[in-house]
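Note on naming: letters A, B, ... go to the chains in the order of the sequence lines (proteins, then strands), and numbering restarts at 1 for each one.
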Number of protein chains: 2
Amino acid sequence: MRIGDDLSDRKKAILRALIDAHIENGEPVGSKYLTSCDIGCSSATIRNEMSELEQMGYLEQPHTSAGRVPSKAGYRFYVDSLMRAYSLTARELETLNNMQKARLSQLDKMIKAAGKLITSMTNYPTVSVKPKFKDQTVNCFKTTFVDSRNFILSMIMSGDVVRSRYIHCKIEVTEEVLNRLCGVLNNNIAHKTSSEITLPLIMKMENDMGVDDALISSVIKNVYDVMSSDDEGELKYEGVDKLLEYPEFSDLGNLKDLLSFMDKKEQIMQLVENDKNDNVSIYIGGEDSSLSANSSIILKTFKVDGKVVGAIGVIGPQRMEYPKVVAMVEYLAKCISSTLEIPDVKELRPPDSDT
Amino acid sequence: MRIGDDLSDRKKAILRALIDAHIENGEPVGSKYLTSCDIGCSSATIRNEMSELEQMGYLEQPHTSAGRVPSKAGYRFYVDSLMRAYSLTARELETLNNMQKARLSQLDKMIKAAGKLITSMTNYPTVSVKPKFKDQTVNCFKTTFVDSRNFILSMIMSGDVVRSRYIHCKIEVTEEVLNRLCGVLNNNIAHKTSSEITLPLIMKMENDMGVDDALISSVIKNVYDVMSSDDEGELKYEGVDKLLEYPEFSDLGNLKDLLSFMDKKEQIMQLVENDKNDNVSIYIGGEDSSLSANSSIILKTFKVDGKVVGAIGVIGPQRMEYPKVVAMVEYLAKCISSTLEIPDVKELRPPDSDT
DNA sequence: TTTAGCACTCGGATAGCCTAAGTGCTAAAA
DNA sequence: TTTTAGCACTTAGGCTATCCGAGTGCTAAA
């Protein structure tokens, strides 16, 4: 049985109205207020229903004579089945469409731009992510002769991402030597993950290179560097200061919890990498482990060939304006995704840089 | 006359002791406490001196019957001439030396590692920066043939940083065509800044390429992209949550000020880029415009060929443990700089990535 | 010139009181 | 059987009054 299936329509209406109201003003909601919400019954009835909803775990009472507040389960049910889709206003759409300007540029810039935009439009902080690529392989090596002491090693990774290194040699090299080097690399370690590059393999390559075996070690170091560039991906926040505008974070404890969580970049990266959802995901703090209670994250990942290559998201108090935020994130994500799908001149960028 | 020259030795001693004490516990310091600080006179005398120091602008009084607190000018004089050098303990040195492990890796990783380290050792947030490169030029173009529809364009920038793009062509290309393309690019736009690449120049290049003129436009787009990659540099914070451990930031107004400042990345980038100081710089909030009052920044930049290529810094309350933080930043900066100076295989990374 | 003593000031903590909001329960009404 | 009205009860938060301590400035003596 799905969560919330045990609720009567009236209970659902009450729950929805209550959560909407709580999101609006952040304070516990009482039965009296709810009578003005088209439920169609008196405060006493609503009290009874609320009391039951509390027993069922959808509501909580901060203290005896306060109104009710949604519990994690309440929020969960709300975002899963209760909330009404928010339809963007013409004005909002226009703003969002300016985003298209960034279309010309690369994924990470678009993600960044999207983050800024959402922050300014929703007043919640955003997070933009480009996750680390694990177990990358080099599909093809290319060398380019510069002069007798220098050459460029270009590595074509999966997804036609190119990573290059400018390599300065201690010995003199010729184009012929470089071509041999290139062949050796392609024959031995193309399509291999870093853990498959073993010492015997390296020895074999040095052997293959003959007198120029000294090249291998300095090249291998660079290859390894590029492959295992676990470069944490990029994770950026925009508008963290907005958090302070929400009363739940004037409690320094709560604030610290959330900031600490945000500081643990690996955790968020994991969240992103494990997000198999094709739609917008909503994480509610305290529901599952890591995320700090009192806060929620709305996240949309971008995938290329089924692999997560980035994400944008919104971090805010648990009483976020889910419908609106979801609508915006969805819209921008669609814009970004569409540019990902039709690469003419390929422009995917690796998560980090080269030399 | 330099700031602080008008102070007697006793005044200096009092000022130093007062600031040390204030940094320690964050509360206004009274005359009575200072008698225990080896000043060698009674609280009454100290009171008189403090009164004068206040008139001179080095101290402030939050209210009539509180102790004194250093003013901006007080802090400025303190960090400039008063504070005692902090000598790192053996234990601290050991921890810092672990840093050397990162030596193998690249600048940005070292910077990041240094940030983490300082945060954990000082309990202040750190900021790590790689500024944007402005007005980059491509010193040399290289093309690498992949197949009849694809090639790699490698651009060697100043500092032997290589940036590559995997380019997919709409027309078929041969190695010969690519070589011509390469020549055209090198003849016309090597060593030029993006603003020097004018439309007539592009027309000329298209002309030079003859029948393959279609290549130019798609290549130019990539070149422009790389050159003007104003990619904001990377600016990352570590341990922002630590701020909350300092009482000055339990005032939400102060906290918001600082967080807003931290959010305005351009401002900090400017600070970094304009930092001509070869030593550690100390910025005291409220002293000069941008930085939020109540906070200070300690910053050390890294330069290559006189150009700022990165920085690490510490952000904290104005009553920071300057001597200790300065010592640590200085030490780590030295470690990082030393690896910057002896590049064997060149490994400088561009501020961002390639395709 | 320094010190001791003393009256004065003011912020912060504590306690007590009151109010408003909201609840649960019971009994009447539909 | 379900809904409503009424009422007693609970409790957080705001308000005021009060007290205490820390620290000052001033004056007079050393």
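A salt bridge links A:Glu49 with A:Arg10: at least one charged nitrogen is closer than 4.0 Å to a carboxylate oxygen. With respect to A:Glu54 and A:Arg68, a salt bridge is recorded, a charged nitrogen being found less than 4.0 Å from a carboxylate O. Between B:Arg319 and B:Glu24, no side-chain nitrogen of the basic residue sits less than 4.0 Å from a carboxylate oxygen of the acidic one, so the salt-bridge criterion is not met. A:Lys300 and A:Glu330 are not joined by a salt bridge, as no carboxylate oxygen comes within less than 4.0 angstrom of a charged side-chain nitrogen. Ion pairing of A:Lys256 with B:Glu245 is present here, as a side-chain N (NZ or NE/NH1/NH2) and a carboxylate O approach within less than 4.0 Å. By the 4.0 Å N-to-carboxylate-O rule, A:Asp80 lies close enough to A:Arg76 to be salt-bridged with it.
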- request: Give the dot-bracket string for DNA chain D, reading 5' to 3', where a pair is Watson-Crick or G-U wobble with both distances under 3.5 Å, ( ) marks pairs inside the strand, [ ] marks pairs crossing earlier ones, | marks a partner on another strand, and . marks unpaired.
  value: ||||||||||||||||||||||||||||||
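For A:Thr45 and D:dT4, the shortest distance from a side-chain N or O to OP1 or OP2 is below 4.0 Å.
Within a 6.0 Å radius of CG in A:Asp38, no more than 12 heavy atoms belonging to other residues, nucleotides or ligands are found.
The CD atom of A:Glu27 sits 13 Å away from the C1' atom of C:dA20 (whole-angstrom rounding). Following rounding to the nearest Å, A:His63 (NE2) and C:dA20 (C1') show an atom-to-atom distance of 11 Å. Put simply, CD on B:Glu49 is 11 Å from P on C:dT3, counting in whole angstrom units. For the pair A:Lys11 NZ and D:dT2 P, the computed distance is 11 Å after rounding to whole Å.
B:Lys72 and B:Asn294 get closest at one heavy-atom pair: NZ-N, 3.9 Å. A pairwise comparison of heavy atoms in B:Met320 and B:Ile298 identifies SD-CD1, 4.0 Å as the closest pair.
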statement: Quick tally for nucleotides 23-30 of chain D: nucleotides whose base has a protein heavy atom under 4.0 Å get B, sugar-phosphate-only ones S, the rest -, giving SBBB----
- request: Take B:Glu27 and B:Tyr33, measure what side-chain hydrogen bond (donor to acceptor under 3.5 Å, both in side chains) needs, and give me the verdict at the end.
  value: CA-CA 12 Å; B:Glu27 260 143 51; B:Tyr33 171 86; over 6 Å; no
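With A:Tyr124 as reference, A:Tyr246 is the one residue of A:Phe249, A:Tyr246, A:Tyr322 to meet the ring pair (Phe, Tyr, Trp, His ring centres under 6.0 Å) rule.
Taking for each of B:Pro62 and B:Cys41 the nucleotide of DNA chain C with the nearest heavy atom, the 5'-most of the two is the partner of B:Cys41.
A heavy atom lying under 4.0 Å from DNA chain D marks none of the residues of residues 247-256 of chain B.
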